[in-house]
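What's counted below: heavy atoms across the whole structure, side chains too, no hydrogens, waters or symmetry copies.
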Amino acid sequence: MSLVDWTLDGVLAALLPLIAWGVVTAASLDKAIMLFIVLGFVSALAWARLDAIDVALVEAAVGSGLTGALLLSALPAIQPRLRRPSSLARRAGVGALLAGITIWLGVTTLRLPARSGGLAELVCENIEQSGALHPITAVLLDFRGYDTLIEVAVLLVASLAVRAVQRPRLRPGRRGEPTSEPLASFLNLLVPASIVIAGFLVWEGSHAPGGAFQAGSILAGCGVSLQLTGERPALRMTLRVRAALVLGLAVFVALAGAPLLRGHDLLDYPRPWAGPLVFALELALTVSIAVILVTFFPGAPDRPEPPARAADSP
Amino acid sequence: MSVWMLYGAAAIGVFSAGVFGAFGATTHVVRRVLGVNIMGGGVFLLLVASARRAPSAIPDPVPHALVLTGIVISVSATALAMAIARALSVTRERDSPAPPRDEPPR
Amino acid sequence: MHELRMGVALFLLLMLLPGLARAWRGPTLTDRILVIQLFGTCGVAVLLLLGGDREAAALRNVALVFAVLAAVTVIAFVRFAPSEDVR
Amino acid sequence: MSGTTPWISWTILAPLAGATLSVLVARRAVPIAVIASAATIVSVAATVGQVASAGAVSSAAGAWGAPLGITLRADGFGALMLATFGVVGPLVSLQAIGRRGGPRARRFLVLWLFAWASLNALALSADVFNLYVTVELVTLAAVGLIVVERDRRALAAGLRYLLLSLVGSLFYLMGVALLYAATATLDTELLGERVTPEPASWTALALMTAGLCLKAGLCPLHAWVPPAYTSAPPAVSALLSGLIGKAPYVVLVRLWVEVFPGSLGGGAARLLGALGALGIFWGSLLALRARRLKRVLAYSSVAHVGYLFLFFPLGTAGAWAGAAYVAVSHAAASASMFMAVEVVERSVGHDMLDATKGVAHRRPLTFVALGLAGMSLMGLPPSGGFVAKWLLARAALERGEWWWAAVVIAGGLLSAGYVFPILRGAFAPQRRSPELRRAPRHAELVSLSLAVVALALGLIPLRLMALLKLAGRS
């Protein structure tokens with residue numbers, strides 16, 4: 001570690017809490033959201049410095065990109081009820097509490113064991129038997145595959161709940177304003193590029209950083225762009241869309257249940273087949289994750305209702 | 001002092017900022033959701049930083065996998081929160097004849 | 001070589017600070033969108049520099065994803081941000 | 001776990017598979033949900049049978065085992081919670097099937113199947129991070145259920161519940177991060193062996209406990225409870241108050257009993273007990289002042305969460321039996337009351353306290369249900385609520401800490417104060433019979449069956465006690 005490395009890490013580590021603080025204290029919401037997106041960028045750099053390349057991939061895609069867009073999606077609707085600061089007493093109380101928590105947690109963190117391999121060694125020993133050569137994919141889809149099974153259920157439940165609260169008349173896609181020339185050509189480039197990148201990332205996932213979540217969120221980013229620009233209407237709940245929504249969870253549940261029928265534990269893939277099965281699972285998950293992430297977005301930007309005055313006046 | 005400690009301390013700072021956003025700053029839905037997301041970011045940073053303590057060259061992959069799961073879960077929750085916020089703003093008072101007894105989270 | 005790359009990465013990172021200040025002060029939406037663009041581009045550059053050495057060639061993939069998703073963010077920003085802010 | 005049928009895994013996979021299928025084949029959602037529920041009930045019954053006859057059952061997901069993989073473990077406590085979810089939940093969900101599968105009923109059923117799967121997963125999980133994931137699934141499914149009717153107040157309440165829940169989960173997750181950093185394991189059993197009294201573990205325990213108390217609605221963190229329980233559809237309130245509200249407590253017990261057994265009965269545990277006592281008084285007082293039936297029930301749920309927390313300062317096997325009994329009997333009694341209130345509200349058109357007037361004559365089943373479930377809430381013999389409170393009070397006296405017993409008894413008296421007005425209204429003499437609207441017959445039957453369950457818990461306590469002792473802890 002040279003001085004430059006240290007400075008680089010130091011600057012990154014200092015920027016993160018600073019920007020985070022900026023997000024929660026910014027005077028307006030669009031500023032806060034923009035800083036949040038910037039925070040995502042900077043954290044992706046931090047993940048890269050910490051050799052967490054998979055996390056950096058997901059952060060770049062889901063963490064900042066799609067989350068930022070999601071937060072923005074509510075902005076036009078909620079904008080009028082902005083800037084109601086909480087009372088000074090509450091802020092002071094929370095501030096004092098927070099200072100205490102920060103110092104306490106900080107001291108605790110710095111006193112953690114300085115060197116610990118965690119489960120790294122155990123993962124490396126068992127990776128040959130698992131369904132993937134990349135340690136993180138192996139943990140996600142094999143060693144701790146059960147976590148991921150529940151996580152996919154979380155995604156699906158969130159998608160169903162989002163559909164449930166959306167007003168029916170907002171569901172059919174409204175085509176937005178006509179797409180401008182540069183935007184159209186950009187989209188023409190984006191769609192094929194996204195598909196290629198997503199396919200590449202799924203393939204990489206079996207032996208290198210990459211995988212279903214990364215690929216799915218790239219595809220979703222492309223889908224969301226098409227939807228936001230009015231190029232494509234919002235997804236309707238046709239049979240095909242529903243099939244795509246549940247495909248990942250269905251394959252996962254089948255893979256979890258099949259070994260039970262043979263008297264094994266759940267998710268205990270037959271070992272020679274573990275690799276292909278995990279790859280098939282990744283493909284199914286990619287499709288589902290992409291579609292689910294797209295359903296998180298409203299069809300076209302919701303405009304606040306026109307003031308009720310028009311209806312009230314005789 | 002080592003690199004992971006640097007990021008570990010930063011993680012705690014981020015987490016606290018998130019708590020402030022969720023509880024203490026302006027009580028607006030989007031701000032709270034931002035706060036919750038930042039809290040999550042702090043936890044994830046601590047997990048990834050602590051994975052870097054491994055004596056070998058490869059960091060511990062388990063916390064990385066946990067963080068990936070965590071990020072996906074927080075996106076799902078954020079999506080649901082934003083969808084409800086959008087629905088609330090569209091629903092306005094007009095749709096519910098009685099004035100709401102319980103104030104929406106501001 | 002490593003030093004040089006990290007040095008350049010550090011320089012780029014420091015160059016983000018003025019951008020951050022502009023983001024903080026605004027005042028228009030256009031400023032903010034441009035800051036996001038700046039961060040996206042800089043992020044890609046820093047990632048490529050970081051991925052240039054070590055065994056971390058996979059960082060180039062991150063840079064790729066970064067480039068694609070930064071565009072999505074900008075589209076979302078233009079679509080959803082309050083229009084009266086665009087001056 | 002070769003040799004035995006892996007029922008334990010089916011308790012999670014069967015509802016998940018059912019939910020997945022009913023999203024895909026939306027038109028046949030109701031029959032699919034019925035089949036999946038039947039399969040889940042069979043799996044739950046078989047798992048409970050295995051636990052009762054052979055002790056704890058476990059299954060290692062992916063056959064990896066701790067610390068690399070995740071273990072599912074059904075001990076006495078897990079089996080008891082499985083049984084509670086498996087009896088109360090399907091009964092409540094019957095009302096949706098009775099509605100002949102409109103889109104709302106379909107949405108309700110799908111979300112309930114997901115919630116059921118996650119509740120079972122939560123009761124069985126022996127991994128602190130997996131508990132986080134299951135808790136999040138429980139939360140999102142619960143929020144989906146709350147907002148399913150798109151009513152404005154329900155939307156606001158659901159959003160508030162979601163945000164507070166997320167904050168609670170993240171405190172919990174911070175604790176998980178610290179525990180893993182300190183011990184390199186996430187399995188509860190291994191953690192119990194490896195956790196040493198050092199700052200990281202205590203901090204983790206404090207963070208996780210704070211987060212879970214927020215999610216459980218322990219006083220003074222209960223502000224989200226009344227809006228959520230009163231604005232959701234009644235069947236959802238029944239599930240929330242009866243089952244989903246217990247989920248964070250289950251995690252908390254796992255944490256304190258398995259990972260940090262030394263902290264039971266200590267200073268921090270006494271603080272939790274004191275907050276529980278505060279919740280009993282404050283919740284009961286607010287219930288006394290409430291004018292709407294649903295509010296009474298919501299505040300009563302706050303009070304009953306308080307009883308659950310009396311276990312921590314006592315920490316004995318007797319107190320444990322008492323707290324578990326509170327959880328089970330309140331699940332049945334509260335769900336029954338919410339369903340009965342649904343009938344009253346549909347019959348009369350509102351749920352003010354005097355809505356029960358005339359119900360005794362015209363809706364005798366509902367009245368009987370209100371009476372029986374009310375007995376259990378008040379803790380009158382021979383109901384499940386009575387056994388629960390009696391066990392708690394006895395455990396307190398055995399430890400010589402009479403004040404906890406006093407809290408239990410005072411709480412019982414206060415609950416009589418808020419349950420009686422509900423019943424009294426039904427006895428009130430009436431000049432002319434009020435016009436009653438049509439009320440759902442199946443809701444009446446569901447409410448009555450749940451009330452009978454609550455009562456039966458008081459009549460057959462010994463068998464359940466045997467199940468509890470198998471937990472072999474505390």
Which bit of [X] is near chain D, if near means a heavy-atom gap under 4.5 Å: side chain, backbone, both or neither?
{"X": "F143(A)", "value": "both"}
{"X": "R271(A)", "value": "side chain"}
{"X": "V139(A)", "value": "neither"}
{"X": "L260(A)", "value": "both"}
{"X": "L156(A)", "value": "side chain"}

| field | Interatomic distance, S125(D) atom OG to D147(A) atom CG [nearest 0.5 angstrom] | value | 8.0 Å
| query | Taking atom CG of L68(D) and atom CG of L122(A), what is their separation to the nearest 0.5 Å? | reply | 5.0 Å
Can you tell which of [options] makes a side chain to side chain contact (heavy atoms under 4.5 Å, CB included) with [X]?
{"X": "L24(D)", "options": "L245(A), V246(A), L247(A)", "result": "V246(A)"}
{"X": "T20(D)", "options": "V251(A), V152(A), L249(A)", "result": "L249(A)"}
{"X": "L207(D)", "options": "L105(A), I101(A), T108(A)", "result": "L105(A)"}

Max heavy-atom pair count under 4.5 Å with chain A, selected residue of [options]:
{"options": "D127(D), L178(D), T183(D), V143(D)", "result": "D127(D)"}
{"options": "V138(D), N130(D), L186(D), L13(D)", "result": "N130(D)"}
{"options": "P67(D), A14(D), A177(D)", "result": "P67(D)"}
{"options": "F129(D), W10(D), W202(D)", "result": "W10(D)"}
{"options": "G158(D), A63(D), S118(D), G144(D)", "result": "A63(D)"}
{"options": "L137(D), L72(D), I12(D)", "result": "L137(D)"}

Atom of [X], atom of [Y] and distance for their closest heavy-atom approach:
{"X": "P113(A)", "Y": "A181(D)", "result": "CG-O, 3.9 Å"}
{"X": "A200(D)", "Y": "L112(A)", "result": "CB-CD2, 3.7 Å"}
{"X": "S59(D)", "Y": "L266(A)", "result": "OG-CD2, 4.0 Å"}
{"X": "L140(D)", "Y": "A158(A)", "result": "CD1-CB, 3.9 Å"}
{"X": "R150(D)", "Y": "Q166(A)", "result": "NE-O, 3.5 Å"}

| From CA spacing to verdict: side chain to side chain contact (heavy atoms under 4.5 Å, CB included), V133(D), Y146(A) | CA-CA 10 Å; V133(D) 184; Y146(A) 175 63; over 6 Å; no
| task | Assess whether atom CZ of R262(A) is packed by more than 12 heavy atoms of other residues, nucleotides or ligands within 6.0 Å. | result | yes
| request: Would you indicate whether W273(A), at its atom CH2, is surrounded by more than 12 heavy atoms from other residues, nucleotides or ligands within a distance under 6.0 Å? | output: no
| F252(A) vs L16(D), side chain to side chain contact (heavy atoms under 4.5 Å, CB included): CA-CA, chis, key distance, verdict | CA-CA 10 Å; F252(A) 221 144; L16(D) 265 188; over 6 Å; no
| message | Can you tell me which of S116(A), G117(A), G257(A), G145(A) forms the most heavy-atom pairs within a distance under 4.5 Å of chain D? | response | G257(A)
| field | Option that, when pairs with chain D are counted at under 4.5 Å, heavy atom only, ranks first among R144(A), R242(A), R111(A) | value | R144(A)
| field | Distance-only side-chain donor-acceptor flag, D142(A) / W64(D), under 3.5 Å | value | yes
| field | Structural part of Y180(D) lying under 4.5 Å from a heavy atom of chain A | value | side chain
| field | Part of A26(D) lying under 4.5 Å from any heavy atom of chain A | value | both
